[in-house]
Amino acid sequence: MWSAGKTGTCSGTAQRSRNPPDTPALNGTVGGNLPPSRGRGCQRLYNIDAVARLDLVRTLRELGLDLPTIRKIVDRELSLPEVAAEHAEALAVQIRVLRLRRAVLTAVAERGSTPEETELMHRLAQLSEDERRRLIGDFLDAVFGGPDAAPAFAGVMRSMTPELPDTPEAEQVQAWVELAELSLDPDFRAALRRMAEDQAAEHARNDTMGPRRDIAAAVRDQAGPALTAGIDPALPQADPIVTAFTAHYAHLIGRRDDVELRRRLATRLQSVNDPRRERYLQLLAVINGWPAPESLAPVFDWSVQALRVRTQQ
């Protein structure tokens with residue numbers, strides 16, 4: 001233990017204060033704490049106050065502060081809390097950059113990406129919040145019609161907007177990069193556009209007849225229990241279920257339930273069952289921190305098969 005008035009040499013001070021042997025000498029270069037005296041052989045002697053300052057220098061160096069900044073702190077030219085706050089903010093930026101880099105490299109390794117794909121992923125991961133919003137805004141406008149979008153789509157567009165947190169986890173960054181790539185796919189945009197147009201036509205008729213569930217929700221509610229119960233879509237036991245959701249669709253579009261309508265419905269459900277659409281919703285949930293969405297692919301597969309069987313000639 002050190003006590004008031006007691007002094008020690010450079011090497012002894014380093015050992016007692018758990019500093020590297022060169023830290024006392026280094027401490028002398030930052031000012032404000034020159035040793036009070038010299039012993040035999042002109043060795044510097046350090047008292048208890050000097051040891052405390054040495055510990056501060058060591059701590060600040062380990063925290064990543066540079067020597068000129070440490071000197072100003074020791075000389076009380078700078079406030080330690082203010083410097084700490086600025087340094088913490090700078091570290092937060094560095095950590096975010098490192099997380100982005102790690103996420104991209106992990107995705108490249110897992111997907112076996114080409115150099116071109118790697119470059120695209122890196123650019124997408126580096127986008128600012130405004131740039132991300134513009135990218136997704138352009139995608140949603142292309143799908144739903146931009147300023148001319150039907151009012152019913154306003155909520156849908158909001159629900160399809162990713163919100164990457166300020167400090168995202170690695171899996172959220174990876175999900176954002178994949179979702180952004182999907183949003184840039186012209187084929188995917190065109191497929192969603194066709195779905196939106198079909199739904200807009202159904203909504204337009206609903207406006208004159210009162211609100212109705214969209215066909216995807218109706219099929220889910222009707223065919224889901226049948227799938228769970230293990231009913232074969234090709235057997236007669238599935239007839240009442242198929243009749244129920246085809247009747248709903250006939251009412252939605254104002255046509256009678258016949259073979260042509262069932263073929264049209266099969267095509268409609270097949271388009272809704274695009275795996276890219278489901279993947280988009282899964283990635284969206286990861287980015288926004290939502291629960292994983294239920295997969296409706298098995299329900300749509302069952303329904304399409306049931307319709308195909310009943311429309312064969």
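- Glu131 has its side chain out of reach of Gln126: every pair of non-hydrogen atoms, C-beta onward, lies at least 4.5 Å apart.
- The pair Glu129-Arg133 meets the salt-bridge criterion, with a side-chain N (NZ, NE, NH1 or NH2) lying under 4.0 Å from an Asp/Glu carboxylate O.
- Taken from OG1 in Thr243 to CG in Asp257, the straight-line distance is 6.5 Å, to the nearest 0.5 Å.
- Rounded to the nearest 0.5 Å, atoms CG (Leu127) and CH2 (Trp176) are 6.0 Å apart.
- Under a 3.5 Å cut-off, the side chain of Arg256 and the backbone N or O of Ala250 do not form any donor-acceptor pair.
- A 4.5 Å side-chain heavy-atom check between Arg102 and Val173 finds every atom pair outside the cut-off.
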May I have the step-by-step check of side chain to side chain contact (heavy atoms under 4.5 Å, CB included) for Leu135 and Leu124, ending in yes or no?
-> CA-CA 10 Å; Leu135 186 151; Leu124 293 174; 3.9 Å; yes
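- Remark: Asp274 pairs with Ala191, Met195, Arg276, Arg277 by the side-chain contact (heavy atoms from CB on, under 4.5 Å) rule, at least two apart or across chains.
- At a threshold of 4.5 Å between side-chain heavy atoms, the hydrophobic network of Ile, Leu, Val, Met, Phe, Trp and Tyr places Ile95 and Leu105 in two separate groups.
- Separating the CD1 atom in Ile241 from the CH2 atom in Trp302 is a distance of 4.5 Å, to the nearest 0.5 Å.
- Cluster membership check: Val309 does not share its hydrophobic cluster with Ile231, using side-chain heavy-atom separations under 4.5 Å among Ile, Leu, Val, Met, Phe, Trp and Tyr.
- Between His122 and Val108, every side-chain heavy-atom pair lies at or beyond the 4.5 Å cut-off.
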Stepwise side chain to side chain contact (heavy atoms under 4.5 Å, CB included) check, Glu169 with Val286 = CA-CA 10 Å; Glu169 299 295 332; Val286 173; over 6 Å; no
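- With contacts defined as side-chain heavy-atom distances shorter than 4.5 Å, the pair His248/Gln222 does not qualify.
- The closest side-chain heavy-atom distance from Asp141 to Met157 is below 4.5 Å.
- Gln199 meets the side-chain contact (heavy atoms from CB on, under 4.5 Å) test with Phe153, His203, Asp214, Arg268; sequence neighbours excluded.
- Taking the charged nitrogens against the carboxylate oxygens, Asp198 and Arg264 have no contact shorter than 4.0 Å, which rules out a salt bridge.
- Distance CG/Leu179 to CE/Met160: 8.5 Å, rounded to 0.5 Å.
- In this structure, the side chains of Leu296 and Val219 stay at 4.5 Å or more apart for every pair of heavy atoms.
- The line from OG1 of Thr161 to CG of Leu140 is 5.0 Å long, rounded to the nearest 0.5 Å.
- A distance-only check finds no donor-acceptor pair linking the side chain of Arg220 to the backbone of Val299 [under 3.5 Å].
- Listed by chain and residue number, nothing satisfies the ring pair (Phe, Tyr, Trp, His ring centres under 6.0 Å) test with Tyr249 (two or more places apart in sequence, or in another chain).
- Other residues, nucleotides and ligands place no more than 12 heavy atoms under 6.0 Å from the CG atom of Asp166.
- With rounding to the nearest 0.5 angstrom, the CZ atom of Arg263 is 9.5 Å from the CG atom of Asp258.
- A continuous path of Ile, Leu, Val, Met, Phe, Trp and Tyr side chains, each step under 4.5 Å between heavy atoms, connects Leu283 with Leu184, placing both in one hydrophobic cluster.
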